[in-house]
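Take a look at the structure below.
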Amino acid sequence: MTKLRFSRKTLCIPYAVFLLFFVIAPMLVIVFYAFTDRNNHFSFINFAQFFSDPTKISTIVYSIVIALITTVVCLLLAYPVAYILARSKMKKKHVILLLFITPMWINFVLRVNAIRELLNWIGLLGEANYFNTIFGMVYDFLPFMILPLYTTLLKIDNSLYEASADLGGSAFTTFTRITIPLSMPGIMSGITMVFLPSMTNYVVSDMLGNSKVTIIGKFIETYFGSDWHMGSMIALILLVVVFVSTLLSGGFQSEDNVRGANL
């Protein structure tokens with residue numbers, strides 16, 4: 001009787017099966033529908049219709065702009081918070097960090113409804129649709145920017161700051177030559193975790209923008225209810241945009257390369 005021997009190849013089998021059925025197979029279905037017409041004949045008609053329709057082009061541009069603004073605002077708010085918490089000597093700083101992360105434990109729809117009621121009470125609901133959408137996305141995705149930044153900044157060796165002070169480096173020089181370069185992995189991770197989902201999170205735009213702000217995720221949801229071929233083409237185009245965005249943000253680089261790039 002042959003004994004079952006476990007090796008690295010054997011342990012890779014569950015992952016390979018998962019990858020095949022839940023990643024590769026769905027992607028092949030998307031590609032098939034994207035490059036076929038309603039009669040399932042090979043065609044580029046969906047591609048041509050997408051880029052000949054100004055509404056679809058403007059929607060993807062609006063989605064990218066909203067995602068960029070959301071990401072920039074989250075970074076500007078999260079970096080000082082993460083830096084202060086990481087450099088602070090407070091004994092209860094983990095409790096403060098927990099206060100920023102706690103909203104992630106609450107149901108997403110409940111959080112959006114709470115923001116909706118707040119904006120309605122202020123009087124902005126129904127008037128500043130784009131502002132409401134960006135405000136809601138910043139509120140929802142801010143913890144995803146704070147956490148990787150805090151983790152990365154916490155790992156920076158204090159001796160580097162002491163060495164900079166001994167060499168006569170000012171606080172500004174230390175921040176720009178040590179802190180920012182060494183925190184780049186956290187910045188890149190936070191950008192990826194905020195930018196990509198904010199392009200497709202149509203729940204926020206629907207509920208806070210009164211369905212007057214249409215982003216690419218809403219387009220995909222609408223077309224998959226009536227036309228799988230066009231919906232698949234839009235999903236494929238979004239995948240290309242996500243790939244290019246990740247490539248430009250350094251998401252495919254190793255942590256060592258990103259960490260040492262600016263030193």
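Note that this is a predicted model, so its numbers are computed, not measured. Nothing fancy with the numbering, it's 1 onward along the sequence.
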Report yes if the side chains of Thr59 and Thr55 come closer than 4.5 Å at any heavy-atom pair, otherwise no. yes

Transitively linked via ILVMFWY side-chain contacts under 4.5 Å: Phe144 with Trp105? yes

With the side chain counted from C-beta on, respond yes when Tyr130 and Ile66 share a heavy-atom pair under 4.5 Å apart, and no when they do not. yes

Verify the cluster assignment for Ile13 and Phe18: are they in a single hydrophobic cluster under the rule of side-chain heavy atoms below 4.5 Å apart? yes

Roughly how far, to the nearest 0.5 Å, is CE of Met233 from OG of Ser43? 8.5 Å

Same apolar cluster: Leu149 and Ile101, side chain cutoff 4.5 Å: yes

Test item: Asn113 side-chain N/O and Val109 main-chain N/O as donor-acceptor pair under 3.5 Å: yes

Roughly how far, to the nearest 0.5 Å, is the CG atom of Asp157 from the CD1 atom of Ile178? 10.5 Å

At what distance, to the nearest 0.5 angstrom, does OG1 of Thr70 lie from CZ of Phe195? 9.5 Å

Could you give all pairs that pass the side chain to side chain donor-acceptor pair (under 3.5 Å) test and reach residues 74-88, with sequence neighbours left out? Tyr79-Ser183, Arg87-Asn158

Quick check for you: to the nearest 0.5 Å, what is the distance between Thr71 atom OG1 and Ile187 atom CD1? 13.0 Å

So, do Val213 and Tyr62 sit near enough that their side-chain heavy atoms are less than 4.5 Å apart? no

Could you walk me through whether Phe224 and Ser232 pass the side-chain contact (heavy atoms from CB on, under 4.5 Å) check? CA-CA 8 Å; Phe224 268 107; Ser232 298; 3.8 Å; yes

Would you sort out whether Tyr139 and Phe135 count as a ring-ring contact (aromatic ring centres under 6.0 Å, His included), showing the intermediate values? CA-CA 6 Å; Tyr139 169 75; Phe135 181 82; 7.4 Å; no

Please report the closest heavy-atom contact between Asn201 and Met137, naming both atoms and the distance. O-CE, 3.3 Å

Carefully, step by step, assess Asn46 and Tyr33 under the rule side-chain contact (heavy atoms from CB on, under 4.5 Å). CA-CA 9 Å; Asn46 301 312; Tyr33 277 104; over 6 Å; no

Considering all heavy atoms of both residues, which atom of Met145 and which atom of Ala78 are nearest to each other, and what is their separation? CG-CB, 3.4 Å

Quick one: does His229's side chain have a donor or acceptor within less than 3.5 Å of a partner on Ala34's backbone? no

Heavy-atom closest contact (Val112 atom, Leu208 atom, distance): O-CD2, 3.9 Å

Over 12 non-hydrogen atoms of neighbours within 6.0 angstrom of CZ in Phe47: no

Going by heavy atoms in the side chains, are Arg116 and Asn132 under 4.5 Å from each other? no

Side chains of Ser164 and Thr174: any donor to acceptor distance under 3.5 Å? yes

Please tell me if the side chains of Asp206 and Glu221 come closer than 4.5 Å, counting only heavy atoms from C-beta onward. no

Does any N or O in the side chain of Ser205 come within less than 3.5 Å of the main-chain N or O of Tyr202, such that one atom is a donor and the other an acceptor? yes

So do the side chains of Met199 and Ile215 get within less than 4.5 Å of each other, counting heavy atoms only? no

Nearest atoms (heavy-atom pairs only) where Lys212 meets Asn129: CD-ND2, 3.4 Å

Please report the interatomic distance OG1(Thr173) to CG(Leu167), rounded to the nearest 0.5 Å. 11.0 Å

Same cluster for Leu75 and Val65 if Ile/Leu/Val/Met/Phe/Trp/Tyr side chains link at under 4.5 Å? yes

If hydrophobic clusters are built from ILVMFWY residues whose side chains come within less than 4.5 Å, do Phe131 and Val203 share one? yes

With a 6.0 Å cut-off (strictly less than), is the heavy-atom count around CZ of Phe50, excluding the residue itself, greater than 12? yes

Measuring from Thr214:OG1 to Lys56:NZ, what's the distance to the nearest 0.5 Å? 12.0 Å

Can you see which heavy atom on Pro181 is nearest to which on Phe175, and at what distance? CD-O, 4.3 Å

Contact check, side chains of Ile146 and Leu97, non-hydrogen atoms, under 4.5 Å: yes

Phe35 and Phe42 aromatic ring geometry - parallel, tilted or perpendicular at 30°/60° bounds: parallel

What closest approach, in Å, do Arg38 and Asp227 show between heavy atoms, and which atom pair accounts for it? NH2-OD2, 3.3 Å

Are side-chain heavy atoms of Asn40 and Phe32 found at a separation under 4.5 Å? yes

For the pair Leu118 and Trp121, evaluate side-chain contact (heavy atoms from CB on, under 4.5 Å) and give the outcome as yes or no after the intermediate values. CA-CA 5 Å; Leu118 175 63; Trp121 179 70; 4.2 Å; yes

Main chain of Pro185, side chain of Ser189: is a donor-acceptor contact present, judged purely on distance under 3.5 Å? no

Would you sort out whether Phe108 and Val204 count as a side-chain contact (heavy atoms from CB on, under 4.5 Å), showing the intermediate values? CA-CA 10 Å; Phe108 173 74; Val204 175; 3.7 Å; yes

Can you confirm whether more than 12 heavy atoms, excluding those of Ile45, are under 6.0 Å from its CD1 atom? no

Using side chain to side chain contact (heavy atoms under 4.5 Å, CB included) as the criterion, point out the one residue from Leu238, Ile220, Val242 that pairs with Thr200. Leu238

